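In what follows, a structure is listed as structure tokens, so that the remarks can point back to it.
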Amino acid sequence: MIQNLSPEEIVRRESLDKLRQKGIDPFPAAEFIVTSNAAAILGNYEEGKEVIIVGRLLNIRDMGKASFAHIQDSTGKIQVYINIDSICPGEDKSFYKEVVKHLLHFGDFVGITGKLFTTRMGEISVHADALVLLAKSVKPLPVVKTDKDGQIHDAFTDPELRYRMRYVDLVVNEKVRETFVTRTKIVNAMREFFNAKGYLEVDTPVLQPIPGGATARPFTTHHNALDVPMYLRIANELYLKRLIVGGFDGVYEFSRNFRNEGMDRTHNPEFTVMEIYVAYKDYLWMMDFTEEMLRHVCTKALGTTSVNFGEKTIDFGKPFERVSMTEAILRYTGFDITGKNETELSAFCKSIGIEVNESMGKGKLIDEIFGAKCEGNFIQPTFITDYPVEMSPLCKRHRSNPELTERFELMINGKEVANAYSELNDPIDQRARFEEQLKLQQRGDDEAMFIDQDFLRALEYGMPPTSGMGIGVDRLVMFLTNNEAIQEVLFFPQMRPEKFETGPDTGDFIAIGIPEIWAEHVIRAGYDTLEKLKSAKPTAIHQTLNGYRKKNKLEIPAVQLEDVQMWVS
RNA sequence: GAUCUCGUAGCUCAGCUGGUAGAGCAAUACACUUUUAAUGUAUGGGUCCUGGGUUCGAGUCCCAGCGGGAUCACCA
């Protein structure tokens, strides 16, 4: 198979051989011992200190008998000064003149031994005494430069390329690396918070025979040995509750969920939700707990509870406002949903321009009103409480109003981030609610819940009063890292599979008698299929190929017209 | 799924009413021993996303496809 290489790639590949001829392995195997890194040097500068550092060589500035470059390691960038007399102390200056100046490239991994100093321009740098090539880069990275005002030039910004080649994005865009480091800090802070309270981190099945715990379309697959359909989980709620039945006081899981639905800047087919269930608690407790947890996460991961998101500042430090669904709708529409029936709600929806259809029950209608008129207004963290019973089939009825449930959602910047219940633990009610869902399904709701008989059986054995909460980790990370797209907080967001141009195979060409050394060049010269070759005049092919040979200075025998005639006959 | 929009050198992007493809950076070569978006001189580099169509002539206009982005719908 032929790989199409750009001129720069060819230069870099050729440098591999030149290095080997000099006895330098471009991909050495041995461990390289490191004593420092960019952040340590910059954070604790000691003039003249000897260091050994590693990283990618960036932005090489050749000044004749000396060169400057930056080395990028996982902690940041540090300047390196490579002086011909320091790096080649003896008579033989060929290492600097040939290797450093011509065979090293932007993006190569190198190890540097040297002493710390400060340049005339005032930049802390490493004065190199030795340089070891650790790995060649044969494909040039995008060149992104930052000037003295911090302005970024020629930024690598194309989202398609950035998401498909995250490895390049991470090398070249410092902000991207920071986002992912912060993501991990956020997750660690949550874990630390839960562990400190004595709750148990658990793993439950990703591959499930019944996709329960949420209303969503699952991905389906098939288990061969059992010969049954299987689903990738859409939620882990029902499994965690089984564990509460089993006697744990508190369990949580960072759950990778999969939903076979639309994709856009806030939805990826797989995403992460942290769910936690704590026995003997209710949703009021869970609100306090969630608030405290988020404050802990902000402080630990960001060092502040005041977070910038776009033009807005979100304050996690102040107590979160708590507004019931009814109050929220009253506040933003002037309409009181209390005691209204389906017909009245439907009429109100139409009056404010919300499309309604037959499949919508009371819960759905209320949800539509909230989504259209209220949701976007809650910029600061706000708990919306007491949702209608129809839209919460796994949630306990409200202690003071059976039409409502003990549920809250946490809204941040007008988006739902967390969802929590006083969990329904009455198995009789739970069965009835599942049956309600089935009816909705029959009315046309294509994502009503499946009935999980085993889960009902578990509840029949008795589940203590429990509060559960789920928080969208990706969304939370988006808010805390000031990113507007979920793709920015997932290392490898889902994209349509990339098509790679696979060049024609030289085998077919060799088979008709073309010499092996010529086959590749015949293709590169434009005859990339046998049909093209055979439909061309032999004299034209002959001239084209020898012209190509001359242009590319190929040191292979010229093609004879008789050969060409033989190939195409 | 619908609508709009984009696809030109390794990267970032120009390219007007259709007339033989451009810049900066990167690369290659030379000069320069504390530069920093280093500088100066020279050189090379293109399937203008793909396939059709209109035209004497298409990067440019039309149609279809592929891929991306934005908005909307659904969902978290």
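Heavy-atom basis, side chains included; hydrogens, waters and symmetry copies ignored. Labels below follow one simple rule: chain letters A, B, ... track the order of the sequence lines, proteins then strands, and each chain is numbered from 1. As the structure is a prediction and not an experimental result, all values here were calculated from the model.
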Side-chain N or O of [X] closer than 4.0 Å to phosphate OP1/OP2 of [N]:
{"X": "A:K145", "N": "B:rA26", "answer": "yes"}
{"X": "A:H267", "N": "B:rC72", "answer": "no"}
{"X": "A:R217", "N": "B:rC74", "answer": "no"}

I want to verify a distance call: between [options], whose nearest atom is closest to the [X] side chain?
{"X": "A:K65", "options": "B:rU36, B:rC32, B:rA76", "result": "B:rC32"}
{"X": "A:R164", "options": "B:rG68, B:rC32, B:rU36", "result": "B:rG68"}
{"X": "A:Y163", "options": "B:rC74, B:rG69, B:rU36", "result": "B:rG69"}

Could you state the atom-to-atom distance from [atom1] of [X] to [atom2] of [N] in whole Å?
{"X": "A:F370", "N": "B:rA76", "atom1": "CZ", "atom2": "P", "answer": "13 Å"}
{"X": "A:L58", "N": "B:rA37", "atom1": "CG", "atom2": "C1'", "answer": "14 Å"}
{"X": "A:H105", "N": "B:rA26", "atom1": "NE2", "atom2": "C1'", "answer": "11 Å"}
{"X": "A:Q79", "N": "B:rA38", "atom1": "CD", "atom2": "C1'", "answer": "11 Å"}
{"X": "A:Q487", "N": "B:rG68", "atom1": "CD", "atom2": "C1'", "answer": "12 Å"}
{"X": "A:F106", "N": "B:rU28", "atom1": "CZ", "atom2": "P", "answer": "12 Å"}
{"X": "A:K97", "N": "B:rA29", "atom1": "NZ", "atom2": "C1'", "answer": "16 Å"}
{"X": "A:I60", "N": "B:rU28", "atom1": "CD1", "atom2": "C1'", "answer": "14 Å"}

Between A:I84 and A:H102, which is nearer to the 5' end of RNA chain B once each is assigned its nearest nucleotide?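 That would be A:H102.
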Pairwise 5' ranking along RNA chain B for A:R265 and A:N83, keeping only the more 5' one: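 In this pair, the answer is A:N83.
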Please encode protein proximity along nucleotides 7-13 of chain B as a string of B, S and -, counting only heavy-atom distances under 4.0 Å. ---BSS-
Scan for salt bridge (charged side-chain N to carboxylate O under 4.0 Å, His left out) pairs involving residues 371-387 of chain A, sequence neighbours excluded, and state none if there are none.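 Counting only pairs at least two positions apart or across chains, no salt bridge (charged side-chain N to carboxylate O under 4.0 Å, His left out) contact touches residues 371-387 of chain A.
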Considering only residues two or more places apart or on different chains, which pairs with a residue in residues 63-72 of chain A satisfy salt bridge (charged side-chain N to carboxylate O under 4.0 Å, His left out)?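 Applying salt bridge (charged side-chain N to carboxylate O under 4.0 Å, His left out) to every pair that reaches into residues 63-72 of chain A, excluding sequence neighbours, yields nothing.
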Quick one: does [X] reach the base of [N] with a side-chain donor-acceptor pair under 3.5 Å?
{"X": "A:S67", "N": "B:rU35", "answer": "no"}
{"X": "A:R61", "N": "B:rU35", "answer": "yes"}
{"X": "A:N268", "N": "B:rC75", "answer": "no"}

For B:rA76, is there a stacking contact with A:F271, counting only centres under 5.5 Å and planes under 30°?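 So A:F271 counts as stacking on the base.
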Set of residues satisfying ring-ring contact (aromatic ring centres under 6.0 Å, His included) with respect to A:F258, sequence neighbours excluded: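 None.
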If the condition is ring-ring contact (aromatic ring centres under 6.0 Å, His included), which residues does A:H70 pass it with, not counting sequence neighbours?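 ring-ring contact (aromatic ring centres under 6.0 Å, His included) list for A:H70, sorted by chain: empty.
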Residue pairs fulfilling ring pair (Phe, Tyr, Trp, His ring centres under 6.0 Å) with at least one residue in residues 368-395 of chain A, sequence neighbours excluded: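 Residue pairs passing ring pair (Phe, Tyr, Trp, His ring centres under 6.0 Å), neighbours aside: A:F320-A:F383, A:Y332-A:F378, A:F383-A:F408.
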Donor-acceptor pair, side chain of A:S86 and main chain of A:I82, under 3.5 angstrom: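 Flag not set: sc A:S86 to bb A:I82 has no pair under 3.5 Å.
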Compute the ring centroids of A:Y252 and A:Y277, then answer whether they are less than 6.0 Å apart.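 No, the ring of A:Y252 stays outside the 6.0 Å limit from the ring of A:Y277, centre to centre.
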